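Here's the structure we're looking at; comments come further down.
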Amino acid sequence: MKHSVFFDNTDPDGIDRVLGSIGQANLASTLVLVISKSGGTPETRNGMIEAKAAYDAAGLDFGKHAVAITGGGSKLDQYAVEQGFITRFPMEDWVGGRTSVLSTVGLVPAALQGIDVDAMLAGAAAMDEETRKADLKNNASMRLALAWHYGCNGKGEKDMVVLPYKDSLSLMSKYLQQLVMESLGKEHDLDGKQVFQGIAVYGNKGSTDQHAYVQQLRDGVPNFFATFIEVRKGRDGDTIEVEPGNTSADYLQGFLRGTRSALYASGRKSITISLPDVSPFQVGVLIALYERAVSFYASLVNINAYHQPGVEAGKKAAATFLTTLNAVRGRLTAYAKTAQDIATEIDADAEDVYHCLTHLAANGEAQCDLASNPAEDRFML
């Protein structure tokens, strides 16, 4: 199994930690995958620029160590050609980020780590067959979507708590947060009616993290329905008894069943999904199950699961902040000014300007004389 690390944020500290874990001496034997459909997503672009800077500092040609996964003709595609990337893998325009796991986006990294991607695709194909059955009782994804609809009254009135009882599925709740919340969290339905749809998702792995919040789930506000994901196979190879007659796998199953029973006894609804093991085939099954369930649920509540206007609004707001930030930079002088002074000069909101100034001061681009009232804080070069 090859070692893999990744940037998943535009946090410079996080980027430095990842680069530090690789070490400059190992960059020559490190392959970089740059994944972005458009090439314009700031987080991905910033990570690529930071990675290239590290390769440049090591005297290495970044392009000879890089692969792009992107849309044909995109900014990243063009950049990859200019920089002489090793190769480029296509990402189809209709593939969204949250539904890209079983496309080149997820399959290329998985294959490079030795995962059997053919088996993953076979598992997804098998679930696809199940989701095409007209008989609702035998359509797994429709049954799951109907359970969600029942669990939150079709209006997102309750949250979805995801509890996978397997370390290898510990990120399942984070994956489902994006898949479910970005797909179903919509203000308007397909008829333009304001509906405020969505299902909030949170969770972590059992049994470790169940101790952190099962108390509230059982006895606190009943504002959720739970999803237990059990894996029947404990481990590959031989096992031992941790006490006479019981193994670690016995305990894991016991905690799952015990927690499920405790919630049921307290009137809390739950869904249980059972897998025989965590194999590439079964992971493909699980991903396809949830992707199709999201589609079915969207049809039940009459929304578009495949656009994300809220995300786009956030990106536009971030771009506006950066424009203001650069304007503020241009107004800093050796003479101390308040946020209101600069806001008046550039015709901007004083609070926005204040946050720009504190950001610049925290990162060494400005000095700040603190006053008893933030409105009176003064900033200078």
Side-chain angles (χ1 to χ4, degrees), residues 92-103 105-107 117-162 164 169 172-173 175-186 188-193 195-201 225-232 260 264 269-308:
E92 299 298 336
D93 182 63
W94 49 267
V95 176
R98 58 191 178 277
T99 56
S100 65
V101 179
L102 295 175
S103 73
V105 169
L107 296 178
V117 296
D118 289 331
M120 285 182 66
L121 291 173
M127 179 52 68
D128 275 343
E129 289 298 318
E130 296 298 316
T131 63
R132 287 179 170 82
K133 292 179 177 178
D135 179 6
L136 297 185
K137 292 182 179 180
N138 292 309
N139 187 319
S141 285
M142 178 55 89
R143 289 180 66 187
L144 184 57
L146 288 169
W148 294 351
H149 195 275
Y150 174 72
C152 64
N153 296 321
K155 300 176 182 178
E157 292 178 357
K158 296 194 176 184
D159 302 340
M160 182 192 305
V161 180
V162 181
L169 296 177
M172 193 69 190
S173 60
Y175 160 69
L176 290 177
Q177 277 181 340
Q178 182 180 9
L179 177 65
V180 174
M181 295 176 72
E182 191 172 350
S183 298
L184 303 182
K186 302 296 163 62
H188 298 98
D189 67 11
L190 294 175
D191 299 320
K193 181 181 176 182
V195 292
F196 296 116
Q197 273 291 349
I199 303 175
V201 179
F225 64 93
T227 298
F228 293 92
I229 303 177
E230 72 166 334
V231 179
R232 296 192 180 99
R260 184 172 178 266
Y264 178 77
K269 297 180 177 68
S270 69
I271 300 165
T272 301
I273 296 174
S274 299
L275 302 175
D277 53 44
V278 183
S279 62
F281 181 90
Q282 294 299 332
V283 169
V285 166
L286 193 60
I287 291 170
L289 170 72
Y290 273 99
E291 285 187 349
R292 310 310 177 263
V294 163
S295 296
F296 283 133
Y297 187 89
S299 68
L300 291 173
V301 298
N302 193 38
I303 60 170
N304 182 354
Y306 299 106
H307 72 340
Q308 48 281 334

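Since this is a predicted model, take the numbers as computed values, not measurements.
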Below 4.5 Å, heavy atoms only, C-beta onward: do Ser141 and Glu130 meet side chain to side chain?
-> no

What pair of heavy atoms forms the shortest contact from Phe228 to Ser270, and how long is it?
-> CE1-CB, 3.7 Å

Are the side chain of Asp189 and the backbone N or O of Asp191 linked by a donor-acceptor pair below 3.5 Å?
-> yes

Should we count OH of Tyr264 as having more than 12 external heavy atoms under 6.0 Å?
-> no

Can you find a pair of side-chain heavy atoms, one from Ile287 and one from Tyr175, that are under 4.5 Å apart?
-> yes

Output yes when a side-chain donor or acceptor of Gln177 lies under 3.5 Å from a complementary backbone atom of Val201, and no otherwise.
-> yes

How long is the span from the CG atom in Leu169 to the CD atom in Glu230, to the nearest 0.5 Å?
-> 12.0 Å

Minimal non-hydrogen separation, Ile303 against Lys186, with atom names = CD1-CG, 4.1 Å

His188 NE2 to Asn304 CG distance, which is reported to the nearest 0.5 Å = 13.0 Å

Roughly how far apart are Tyr290 OH and Met127 CE, rounded to 0.5 Å?
-> 10.5 Å

Looking at Leu102 and Leu121, what are the two nearest heavy atoms and their distance?
-> O-CD2, 3.8 Å

Minimum heavy-atom distance Phe296-Thr131, with the two atoms named = CZ-O, 3.5 Å

What distance separates Ser183 OG from His307 NE2, expressed to the nearest 0.5 Å?
-> 11.0 Å

Specify the closest pair of heavy atoms between Pro276 and Gln282, including all atoms of both residues, with the distance to one decimal.
-> CG-NE2, 3.4 Å

In Å, rounded to the nearest 0.5 Å, how long is the span from CG of Asp277 to CG of Leu275?
-> 8.0 Å

Tell me, do Gln197 and Leu184 make a side-chain contact under 4.5 Å, heavy atoms counted?
-> no

Looking at side-chain heavy atoms only, is the closest gap between Val105 and Val95 below 4.5 Å?
-> no

Is any side-chain heavy atom of Met160 less than 4.5 Å from a side-chain heavy atom of Thr227?
-> yes

Got Ile273 and Leu289 here, is their nearest side-chain heavy-atom distance under 4.5 Å?
-> yes

Sub-4.5 Å side-chain heavy-atom contact between Lys133 and Met142 = no

Any side-chain heavy atom of Leu300 within less than 4.5 Å of one from Trp148?
-> no

Is the backbone N or O of Lys137 less than 3.5 Å from a side-chain atom of Asp135, with the two atoms forming a donor-acceptor pair by type?
-> yes

Exceeds 12 heavy-atom contacts within 6.0 angstrom, atom CZ of Phe196 = yes

Glu291 side, atom CD; Leu179 side, atom CG - distance, nearest 0.5 Å = 6.0 Å

Do you know the tightest heavy-atom contact between Met172 and Pro164?
-> CB-CG, 4.2 Å

